[in-house]
Amino acid sequence: MTHANEHAHPVTSPKTYGLVLLALLVLTVITVQASYFDFGPWNTVVALIIASAKGSLVALFFMHLRHDKFNAVIFVGGLLFLAIFLIWTLFDISTRQTVLPSNLKTPVEEFPGAPLGGPVRPSTGQPRGMPAQ
Amino acid sequence: MSTAVPSAHAHAEGGHTPFLQHHFREMSQQFDAAKIGMWLFLVTEVLLFGGLFVGYGIMHARHPEAFMAAHHHLDKTMGALNTVVLLISSFTMVLSVWAAQTSRKKLLILFLLLTLACAGTFMVVKYFEYSHKFHEGLLPGKYYSHKGDTVPGQFLFFSFYFMMTGLHGIHVLLGMAAIAWLVWRAARGHFSSAYYAPVEITGLYWHLVDLIWIYLFPLMYLIS
Amino acid sequence: MNWFRDFLLPRGASTHVGEMDGLFMFITWLTVFFFFFNGALILYAVRRWRRRSNKEVTPHITHDTRLELVWSLIPLAVVMLIFLWGFKGYVKAWVVPNDAMEIIATGKKWVWEFEYPDGTRTLNDLHVPVNRPVKLVLTSEDVIHSFYIPEFRLKRDAIPGRYTELWFTATEPGIAQVYCTEYCGKGHSDMLARIFVDTPEQYETFLREGDEQVQKMPLKDLGRLVWENKGCATCHSLDGTRGQGPSWKGIWNQRHRGADGKEHLVDADYIRQSILMPQAMVVQGYEPIMPTYQGLLREREILGLIEFIKELQ
Amino acid sequence: MSEGVLHAGAGHAVHHADYLEEPKGLWSWLTTVDHKRIGLMYMWSVLFFFLVGGIFALLIRLELLTPKQTIMDAETYNRVFTLHGAIMTFLVIIPAIPAALGNFALPLLLGAKDVAFPRLNLASLYVYWTGAAMAVATLALGGVDTGWTFYTPYSTTTGGGVTLMVLAAFVLGFSSIFTGVNFIATIHKLRAPGMGWFEMPLFCWGMYATALIQILATPVLGITLLLIVMERVLGVGIFDPQLGGDPVLFQHFFWFYSHPAVYIMILPAMAVISEVIPTFSKKTIFGYKAIAFSSVAIALLGFLVWAHHMFVAGMSLFAGAIFSFLTFFIAIPSAIKVFNWIATMWRGSISLEAPMLYAISFLLIFTIGGLTGLFLAALSTDVHLHDTYFVVSHFHYVMAGSNLIALLAGMHYWWPKMYGRLYNKKLAAISCALIFIGFNMTFLPQFVLGSRGMPRRYFNYLPQFQDLHVASTIGSWVLAAGLFLTAAYLLASFRQPKGMAANPWGGRTLEWETTSPPTTHNFEGQPVLQHGPYDYRPEPAPVGVKELAH
Ligand code: HEA
Ligand code: HEA
Ligand code: CUA
Ligand SMILES: [Cu+2]
């Protein structure tokens, strides 16, 4: 039938697991070290690539997806839909143009309701950052 | 998931354990079903956390200075320490699955306890991190009261920090409860190569918790 | 079949009407067609092949790829046509011509405020010249509202913290109704506004002196009109029921206690102050939510309100 | 009664008490793990909330009889339509077919003894009840006035029980997820021997597609709702423009779930129709694979189109175009289904029993409901129609008109199997007609209202709209009369003794092979499939429930 694990559940030896752990620890060191370098806009990308490498190790070995094609499809499917969520949302968020009235006197504030200290939300007079009533 | 406690209707046939539920024809069918169920549940977890990741990503892109400034308040060492602890716990967890697969009862219990210990360490480290942040007023949303900021909007970063690590922490606690339950059952000798589905699927859950942290760590602590 | 269109759709009074109405009627006919087509097929099948005995044997037809392709590809073609048609109209409504006159429209619970290029401000009544492209820049002060003019076939949300835009060229002088179509709370369905499409001369006069109505009307009636049109009615009733703000019934010459505990006599100055600087004296038991009408009401309108309130005994 | 009986099933000599009787007592029901009992308890809970939501609907209609205040004030009205919408979506229509009929029928159709995780199934019911109790408890906190869509920043700033309502929906999400997980595992692992994917009844395909959506979309709703709670409690800022957030982002989050959710509502309805039509046409389904795959296609495509609810919400032009374009593709699998069903009736032997009458109503109403979706999917027309009564009417045509009518079709279809009793057929036909007429009377005028510019969620409206509102209100009474009549004769059927044959309609799927009502373990032994689900040829190998040697 559909499942590779239908009959035998292959047993992986502890040694393999040990090697995987080692690899994971090494990658952790690498990613911490890499955070001290400046790759410019690629910083996040580098960090995410290393994280994905670690994630794949965990999924393939610890979670046995190596031997478990069926559940791998489920899992990757889930990730795929997460990607759709992100990308389709970006279709909107990253292609919006900013509309401004031509006579806008003051520049648009980044955090009108909550800059550094304490005061108020302009429209309702409540303390900053409070949900209005 | 809750598939594998002996049920009133269970009947031991073909030399199987008493853990076969009445509506399954054979043990492997039950095992596969439990695994599929767990993986589907993990997918829902991925999407649950995914929502927060997407929100984090978009807010980060919108206010890069605020996020940059705010993340310096986190302690990389603590984060890295916790990463290592969780990775090791995943390792001990997978070893307990192996011990169950090979019917090594003592080792099984030992590895489960080690996993619990790692999880406990993780929570203790988190506790120190949290209390430090509370102290400094680095709190989410409207409770943010840190003094001396120069970049506005840092509270947004901490909103996400607490929501994401908090949700993750809740998952760690739930995982610990599940593992404790496994220890209890292992001690009663329920698990062997013939029946270890609960160990396997709890393991899957635990690895997912680890996996999520693997992404949280760089996104929270290391992004620059 | 114009009567059918006129039955379904309101009067069309802007340049966006053509695109939208054509497509609307096309899909309407498509829906009518498929409803009757499917209905007829079903009726036919039911009458022709109604079960008469339990022993009837039916042919074993599992599928027919060609037929199935037919009824996938035809709908595909139809929907692609609809998409392109709709897209065309949308792009047209989206891209603002350069020479459009800009008016800023701000939604807040539950009034619309308009600011014209020369600084004139009006509440709930928007005056625009006919046959001139007008661009509305929309924003909101509290929650999301939406600016909807059915007769122009146009709508766009007004979002707090952001600006969105909307443009049209009104083609017929007259009055067009505006609705708020994003749910915004208690007064959502009363958050109405009107667009007065003026001839160029009317528009000039409006900018100079306010609407003609305002000029000629007796003060008392003007007061009532302001109450209806400038948003007072959303908060103040005339019959004594308590709204967001106190009712106006019988307040003239009463003494009202403010939140500060002092008493004030409701006279002309008091009313003027309540309108222009509402926060200066907040009636006890009410929230300080009344917006200021500084710059929004002409002198004659304020006098009208005072007369109007005087009459409400 | 026994007219339709083709073969009286496997006439087993040994009599077993059926699942309704054995074991006895309320406690045994509350702790049961039997999918059939859980299904029934779900069904009655759903019907109860349907009644509650329906009463709210009648109040809405009554209020709208006159342009100004009729029976309640604006604030009450806002709470009433919010509760109506929230109850109808989260408590009625999402669990209606999957959790009620699906739980009852899916294992039977698969030839299984139960779902894969019976206790998870029971947990799902309790979670549902908890969520329902929380939703009702919001009334004590002054109700909720946000609309069922909970748009920010309104929902994060208004008073009342929003937090509790949002948490209720969050909890209800879990019950939906549990059902979904259960069904997928069941379909993968518990099909009867010999039942390949394409020997599965189409109902199961529909449930499978539904479960996919439940699993992939519901968690995002969960996190969205939690974010509202966080926004209200902590002011986290993600949706609050004052705090650097983006209220429109909320709409993306919300619709990422709620658009696919509309297919959680319609796919199960289609699944029921795919069972009813072949049975009462006594003819094999036309284009099995096309119908099966179109269910999955609708489920997956449904994830790509959510922002068609946001064309005027300040999205970019580019996003508008993409989302509109993709939306149209959903029309194709839907069209395939509709025409394949009609083709199934072609040259059949059509018997107009109550389930078939409902199925035909479904076909007609869904055609209108679906095609009016195209007005909304097209950009320029949506600009005019968005948030008007046209939208209200569109979704009632697909939710109330299609889904609930399919629920009724399914209930009438499986009622003999559930209870071993039959309802009064004549009354059934009459009330089906009343429902069809009443429904169209209620909602056809609303299309015209909408296209003429009447916005939704309006407490007051301009007098020019009154005529159509009056027509709609009167229609709602006809509709209510039909539904109350249905409830009456269904309840009256309990006065008859149990005596149904195993297979009253002459269906060919496995549930008809066991007794009506079935025993606790569904079948005597393990049924083995010997012909396809809709094989009405006189010749095929004898249908069989066969003892499978363990
Ligand atoms: C069961 C629920 C359900 C279903 C099945 C659908 C089905 C569809 N819906 Fe609907 N919809 C809702 C429930 C549903 N909807 C709800 C609840 C809302 C409003 C929520 C709110 O705001 O509160 C909504 C709102 C809504 C909008 C947003 C409107 C707005 O707010 O501006 C849009 C826009 O694209 C839309 C489109 C569609 C389309 C294209 C389909 C398609 O899937 C329809 C496909 C079906 C057919 C096309 C008919 C069958 C085919 C034929 C008979 C063959 C002939 C066909 C052709 C020639 C093409 N819907
Ligand atoms: C499943 C979904 C569903 C169903 C079935 C209905 C059913 C009905 N709805 Fe509702 N409706 C919604 C979902 C649904 N609605 C949603 C999501 C909204 C949007 C809310 C918002 O804007 O936030 C809405 C909004 C809405 C409005 C718009 C309010 C506004 O915008 O101001 C109106 C107005 O007419 C309305 C009317 C009705 C009517 C008359 C019915 C009738 O069909 C009801 C008939 C039912 C009965 C009269 C009960 C009878 C039941 C029994 C007797 C028990 C059953 C037992 C058996 C049959 C055995 N609904
Ligand atoms: Cu403003 Cu609705
Ligand atoms: Cu949709």
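Letters go in sequence order (proteins before strands), and every chain restarts at 1.
Neither the backbone nor the side chain of D:L221 comes within less than 4.5 Å of any heavy atom of chain B. D:I177 touches chain B through its side chain: at least one heavy atom from C-beta onward sits under 4.5 Å away, while N, CA, C and O do not. Using a 4.5 Å cut-off between heavy atoms, D:N182 does not touch chain B at all. Contact annotation for B:F160: only side-chain heavy atoms (C-beta onward) come within less than 4.5 Å of a heavy atom of chain D. For chain B, no part of D:V33 is nearby; none of its heavy atoms comes within less than 4.5 Å. Only the side chain of B:I58 comes within less than 4.5 Å of a heavy atom of chain D; its backbone N, CA, C and O stay farther away. Proximity to chain B (any heavy atom under 4.5 Å) is restricted, for D:L249, to the side chain, taken from C-beta onward.
With sequence neighbours left out, the side-chain contact (heavy atoms from CB on, under 4.5 Å) criterion links D:A211 to D:F183, D:I184, D:Q214. Listed by chain and residue number, D:V220, D:F250, D:F253 satisfy the side-chain contact (heavy atoms from CB on, under 4.5 Å) test with D:T224 (two or more places apart in sequence, or in another chain).
We find that B:K126 and B:E129 are joined by a salt bridge, their nearest charged nitrogen and carboxylate oxygen being less than 4.0 Å apart.
Ranking D:P118, D:G237, D:A112 against chain B, the residue ahead of the rest is D:P118, based on heavy-atom pairs under 4.5 Å. Between chain B and the residues D:N522, D:V115, D:L226, D:T186, the most heavy-atom pairs under 4.5 angstrom are made by D:V115.
Side chains of B:Q30 and B:H23: no donor on one and acceptor on the other come within 3.5 Å.
Taking the six-membered ring where the residue is Trp, the centroids of B:H73 and B:H146 are separated by under 6.0 Å.
The environment of D:Y126 atom OH is dense: over 12 non-hydrogen atoms of other residues, nucleotides or ligands sit within 6.0 angstrom.
Of the candidates D:D114, D:N103, D:T32, D:N121 forms a side chain to side chain donor-acceptor pair (under 3.5 Å) with just one, namely D:N103.
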